[in-house]
> 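Below you'll find the structure I mean.
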Amino acid sequence: MNTKDQVKSAFDALSLANKVIFVHASMRSLGQLEGGASTLLNMLLAQGCTVIVPSFNYDTLCYPPQDDNYQQNGHRGEWQFDNIRPFDRNDNRIEVSMGKFAATVVSHEERFRTDHPIGSFAGVGPKAEAVLSHQSDIDVYGHYQYCTNATDAIVLSVGVTLNSITPIHFAEQISGRQLFRRWARTQARGDVEVCVGSCSEGFHQLEKTLQPIATSIDVGLGQWTSYPLAALIQESARAISVNPTITQCAPECPRCQDMAAGGLISTVQGKQPDLFQ
């Protein structure tokens, strides 16, 4: 069976047709798929899927204001930024680390992209705008919240580990952790304050927790795994609440240290760090 036929079989095995799919993909894991990322995207769209990917930019990060009143913000020492580039949602520029599939979605002529200058998401398909319109600078994972009651929302890992699965950051928030704050430069709005996720290098430690809700199939040189979005968030949040260090990549990581301790603390009396206080 060639790779394209394996992809078609995976669509059936994972029941992907007509779903809202949060895709995290390594195209290298597919081996030889003629047409590459464009072929995979078109095949998903032909199944009636709405395809959503992270489309992050880190070169938009800029300096905080002098009255930055946050502690336990996942950072140590002085901020250092070189070659700051303003974010423009109409631009197709994303971090190379997002991968070829994400870049293909962002470049699609019908894509919808959010305006978060660091953690934007892009989507193509019938429900893309309806889902992604729920993200904002502070409610960075609002689109996941919007989909948690939906039965058609799937997280799809294409040849990547749980370290690449962004919705786990929302599970951290649901568990009671306060998201970090950063500042970013935008083309249209100047410098803005935003919420961001933490370190994800320890998320693979949730594999045993999530195994009962995972469905996997070998495709190409790797494996595809699907998770119902709501169940992934619920089970991850429960595990984090029971064992706060389960997401920690290393004892010396400042982001993991601060997030395991509960996340952001505001030193301004009465100021709420984020939406889930």
> Could you work out, with side-chain hydrogen bond (donor to acceptor under 3.5 Å, both in side chains) as the rule, every residue matching D191, not counting sequence neighbours?
R185
> Verify, without hydrogens or angle tests, whether K8 (side chain) and K4 (backbone) share a donor-acceptor contact under 3.5 angstrom.
no
> Charged N to carboxylate O below 4.0 Å: is that the case for R182 and D137?
no
> With sequence neighbours excluded, tell me which residues meet side-chain hydrogen bond (donor to acceptor under 3.5 Å, both in side chains) with T245.
N243
> Suppose we screen for side-chain hydrogen bond (donor to acceptor under 3.5 Å, both in side chains). Which residues come up paired with T114, at least two apart in sequence or across chains?
Q135
> How about R85 and N57: does a side-chain donor come under 3.5 Å of a side-chain acceptor?
no
> Has Q47 got a side-chain atom pairing as donor or acceptor with L44's backbone, closer than 3.5 angstrom?
no
> Report the C-alpha separation of Y70 and E193 in whole Å, then their side-chain angles, then the decisive distance to 0.1 Å, and conclude whether the side chain to side chain donor-acceptor pair (under 3.5 Å) test is met.
CA-CA 12 Å; Y70 298 122; E193 180 179 342; 2.6 Å; yes
> For Y141 and E172, does a side-chain donor sit closer than 3.5 Å to a side-chain acceptor?
no
> Tell me every residue that passes salt bridge (charged side-chain N to carboxylate O under 4.0 Å, His left out) with D91, counting only those two or more places apart in sequence or in another chain.
R93
> Can you confirm whether F121 sits close enough to R113 that some side-chain heavy atom of one is under 4.5 Å from a side-chain heavy atom of the other?
no
> Evaluate the criterion side chain to side chain donor-acceptor pair (under 3.5 Å) for residue pair S241 and S175; output intermediate values, then yes/no.
CA-CA 6 Å; S241 296; S175 76; 4.6 Å; no
> Please confirm whether the backbone N or O of G263 pairs with a side-chain atom of Q72, one donor and one acceptor, at under 3.5 Å?
yes
> Would you check if the side chain of R177 reaches a backbone N or O of P244 as a donor-acceptor pair within less than 3.5 Å?
yes
> For K127, which residues count as a side-chain hydrogen bond (donor to acceptor under 3.5 Å, both in side chains) partner, sequence neighbours excluded?
D152
> Check this for me: R28, atom CZ, are more than 12 non-hydrogen atoms of other residues, nucleotides or ligands nearer than 6.0 Å?
no
> Regarding T225 and S157, do their side chains bring together a donor and an acceptor under 3.5 Å, going by distance alone?
no
> Could you name each residue pair satisfying ring-ring contact (aromatic ring centres under 6.0 Å, His included) that touches residues 15-40, not counting sequence neighbours?
F22-Y144
